Visitor: 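Questions regarding the structure given below will be posed in turn.
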Number of protein chains: 2
Amino acid sequence: MTDTAQTEAFGFRPLYRQVKESLVRRLIEGEWQPGQLIPSEMELSRELGVSQGTVRKALDTMRAENLLIRRQGRGTYVAEPEHGDLRFQFFRLVPDDGEHVFPASRTLRRVQAEADQEEAKALGMRQKDPIWRVERIRMLENVPSIIETISLPEGRFPGFDSLDDVPNNLYRIYSQRWGITIGSATEQLKAVGASVRDAKHLDCRSGHPLLRIARTAFDLERNAVELRVSRCLTEDAYYLSELR
Amino acid sequence: MTDTAQTEAFGFRPLYRQVKESLVRRLIEGEWQPGQLIPSEMELSRELGVSQGTVRKALDTMRAENLLIRRQGRGTYVAEPEHGDLRFQFFRLVPDDGEHVFPASRTLRRVQAEADQEEAKALGMRQKDPIWRVERIRMLENVPSIIETISLPEGRFPGFDSLDDVPNNLYRIYSQRWGITIGSATEQLKAVGASVRDAKHLDCRSGHPLLRIARTAFDLERNAVELRVSRCLTEDAYYLSELR
DNA sequence: TAGTGGTCTAGACCACTCG
DNA sequence: GAGTGGTCTAGACCACTAA
């Protein structure tokens, strides 16, 4: 690695962190694609000139951050966003009775627009900066239950308007088409009353209590890349939050 | 340790897991109290007859579960529930503007009661089993913002009714008085309309949208020991959920 | 059977805390 | 300076997967 000596006066960084950062950089630069097998511990340790144990510690912390999936006997894979066990990483709405399913969706509209105050704040832009905005309805057990507005900085998603349609699993296509991997998100939840428009699409009275989820999603470099505001009927479902 | 041979046919469990389980048991049995220093890695490895590295792995996984706090140069401490940085482990409601504060509370009533269906299900009891039930109001920035109902199995909290008053920080007293340490919790969130009673205490219209948080809290052995249902005004606050 | 990640050990040195 | 946790190494063996 670069810093062989530990006592570099100021700014001591453990070797395994340097290894980790170098590997994350290669992930970000697309050297290894989601789902792909990366080199084994032994190969990496030879390549980087550190011990296998140090590589292992770097890989293990990356697994803890859901960047990698490791399988004994097989190897280490780049995690695929919203795939397999990770599919529900960002989808926490569970039916009261029944399976945790991934909801189908129907796009209502897709437009280019100017960022409003909330969008600008969440995405680190200025008001009136150009964005893409998508509105869609999602079904839980065949009942329209969620109306969501998705906002994307135009600059990060060139050609978004030329997509044939908006696929159900957006994070997958962010990764495939624009090389943007969603690594984390924060959600702010409130209870609100349904607007007239919400009420029409969700088949409820206006003013009916809805769970409002404002999710800001971040790429691997911690840049905010998507704001998604969902209003959800929670008569037959709940948002699950696990604390430690 | 007990299982020296790895290949015990069925039921292979790594050494460090056995070490961890033995240490957790000692925590549960009260050998070390919250805030107390536990033996060093070297001492434990000698005592248990395993290498320092194995003890370290056990301690590190326990730290990852917030059971321990480790400090270079000082030692390893038993984590204190709702202390220091952990105080907000279970309190996720944040004012829109302003500090993340721990809300004051005022007890409305404290009664002995029979478990209803929701309480029985959450606490793994039968309906009509005896419970303690506390209702209180909590303040966010001097505004009554949360009305919460706390349900406890009577058997786990003998003499709960003889407490002089119900302290603001309940988890602390569960630990001090009954040796019950809350280690994890799950929360189910919904949007509901305020009941007449809710509305009176929260100074809003009945039917007004409230965020309903149903928290089931678990002790270190994963027994459900508390159900806490909160109804929150979210005009000026939000529930924060961090996803990976 | 070869190769991978998972566990376990022993020993060295480093960074931090405290008396 | 003594003791603690943190990092790093080297090497052994185990459990799992796939050819």
Side-chain angles (χ1 to χ4, degrees), chain A residues 1-23 32 35-79 84-85, chain B residues 1-23 32 35-79:
Chain A
M1 293 302 300
T2 10
D3 283 338
T4 147
Q6 303 300 338
T7 315
E8 205 81 12
F10 285 75
F12 162 78
R13 257 190 352 212
L15 238 194
Y16 77 90
R17 283 198 111 299
Q18 301 176 41
V19 171
K20 180 195 161 193
E21 278 154 28
S22 128
L23 294 175
W32 304 302
Q36 195 183 328
L37 199 59
I38 74 171
S40 73
E41 293 178 354
M42 287 305 289
E43 287 178 81
L44 287 172
S45 72
R46 274 194 299 273
E47 179 192 331
L48 300 171
V50 301
S51 79
Q52 188 193 3
T54 300
V55 171
R56 161 160 287 153
K57 189 151 184 180
L59 294 175
D60 278 344
T61 64
M62 289 172 72
R63 169 170 57 184
E65 294 171 13
N66 291 310
L67 296 177
L68 299 177
I69 295 175
R70 313 194 68 194
R71 275 201 258 269
Q72 193 175 54
R74 294 230 231 138
T76 302
Y77 298 81
V78 181
D85 295 334
Chain B
M1 294 299 299
T2 9
D3 283 337
T4 146
Q6 301 302 335
T7 316
E8 205 79 13
F10 284 75
F12 161 78
R13 259 194 347 217
L15 239 193
Y16 77 90
R17 281 200 112 300
Q18 300 176 42
V19 170
K20 178 195 163 194
E21 279 155 28
S22 127
L23 294 175
W32 304 303
Q36 196 182 326
L37 200 59
I38 74 171
S40 72
E41 295 178 353
M42 287 304 289
E43 287 179 80
L44 287 172
S45 71
R46 274 194 298 272
E47 179 190 334
L48 299 171
V50 301
S51 79
Q52 188 192 3
T54 300
V55 170
R56 163 161 286 156
K57 189 150 184 180
L59 295 175
D60 279 344
T61 64
M62 289 172 72
R63 169 170 56 184
E65 294 171 13
N66 293 308
L67 296 176
L68 299 176
I69 295 174
R70 314 195 68 196
R71 276 203 257 269
Q72 194 176 56
R74 294 231 230 135
T76 302
Y77 297 81
V78 181

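Here the structure is a predicted model, which is why all the values come from computation and not from measurement. Lettering of chains follows the sequences in order, A, B, ..., and the numbering in each one begins at 1. Excluded from the calculations below are hydrogen atoms, water molecules and symmetry mates; all remaining heavy atoms, backbone and side chain alike, are included.
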Visitor: Partners of Arg74(A) by side-chain hydrogen bond (donor to acceptor under 3.5 Å, both in side chains), sequence neighbours excluded?
Guide: none
Visitor: So which atom in Leu44(A) and which in Pro39(A) form the shortest heavy-atom distance, rounded to 0.1 Å?
Guide: CD1-O, 3.6 Å
Visitor: Taking OP1 and OP2 of dA10(D), is either one under 4.0 Å from a side-chain nitrogen or oxygen of Ser51(A)?
Guide: no
Visitor: Quick one: is Arg74(B) getting a side-chain N or O under 4.0 Å of the dC18(C) phosphate, OP1 or OP2?
Guide: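 So the side chain of Arg74(B) is within the cut-off, an N or O lying under 4.0 Å from OP1 or OP2 of dC18(C).
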Visitor: Indicate, yes or no, whether a donor-acceptor pair under 3.5 Å links the base of dT7(C) to the side chain of Arg56(A).
Guide: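 A donor-acceptor contact between them is present.
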Visitor: Ignoring hydrogens and geometry, is there a side-chain-to-backbone donor-acceptor pair from Gln18(A) to Arg13(A) under 3.5 Å?
Guide: yes
Visitor: Which nucleotide in the list dT7(C), dA15(C), dA15(D) gets nearest to the side chain of Pro14(B)?
Guide: dT7(C)
Visitor: Is the phosphate of dG5(D) approached by Thr76(B) (side-chain N or O, under 4.0 Å from OP1 or OP2)?
Guide: yes
Visitor: Starting at atom CD of Gln52(B), determine the distance to atom P of dT4(D), rounded to an integer number of angstrom.
Guide: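 Interatomic distance, CD of Gln52(B) to P of dT4(D): 10 Å.
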Visitor: Measure CG/Leu37(A) against P/dT4(C) and give the value in whole Å, please.
Guide: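 In whole Å, dT4(C) P lies 9 Å from Leu37(A) CG.
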Visitor: Could you go through Leu23(B) and Trp32(B), starting from their C-alpha distance and side-chain angles, then the distance that decides it, and tell me whether this counts as side-chain contact (heavy atoms from CB on, under 4.5 Å)?
Guide: CA-CA 10 Å; Leu23(B) 294 175; Trp32(B) 304 303; 3.9 Å; yes
Visitor: Rounded to whole Å, please give me the gap between CG in Leu44(B) and C1' in dG5(D).
Guide: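 Result: 13 Å.
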Visitor: At under 4.0 Å, does any side-chain N or O of Arg70(A) touch on OP1 or OP2 of dG6(C)?
Guide: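 Yes, Arg70(A) has a side-chain N/O under 4.0 Å of OP1/OP2 on dG6(C).
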Visitor: Kindly write out the residues that satisfy side-chain hydrogen bond (donor to acceptor under 3.5 Å, both in side chains) with Arg17(A), not counting sequence neighbours, or none if the list is empty.
Guide: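 With neighbours one apart ignored, the set is Glu21(A).
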Visitor: Can you check the Tyr16(A) OH to dG6(D) C1' distance for me, whole Å?
Guide: 8 Å
Visitor: Starting from the 5' end of DNA chain D, give me the residue, Pro39(B) or Gly73(A), whose nearest nucleotide shows up first.
Guide: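 On the 5' side of the pair lies Pro39(B).
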Visitor: The side chain of Ser40(A) lies closest to which of these nucleotides: dG5(D), dG5(C), dT7(D)?
Guide: dG5(C)
Visitor: To the nearest angstrom, how far is Arg71(B) atom CZ from dC18(C) atom P?
Guide: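 After rounding, the reported distance stands at 9 Å.
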Visitor: Under 4.0 Å from any atom of DNA chain D, heavy atoms only: list the residues of residues 57-64 of chain A that qualify, in numerical order.
Guide: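 Correct list: Lys57(A).
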Visitor: If every non-hydrogen atom of Tyr77(B) is compared with every non-hydrogen atom of Gly35(B), which pair is closest and at what distance?
Guide: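 Result for this residue pair: CD2-O, 3.5 Å.
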Visitor: Roughly how many Å is it from CD in Glu41(A) to C1' in dG3(C), rounded to a whole number?
Guide: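 Whole-Å distance recorded here is 12 Å.
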Visitor: Could you tell me whether the phosphate oxygens of dT9(C), OP1 or OP2, come under 4.0 Å of any side-chain nitrogen or oxygen in Thr54(B)?
Guide: yes
Visitor: Within this structure, what is the CE-to-C1' distance between Met42(A) and dA12(D), rounded to whole angstrom?
Guide: 13 Å
Visitor: Glu43(A) has an atom CD; how far is it from atom C1' of dT4(C), in whole Å?
Guide: 10 Å
Visitor: Might you point out which heavy atoms bring Arg70(A) and Arg56(A) nearest each other, and give the distance in Å?
Guide: NH1-O, 4.2 Å
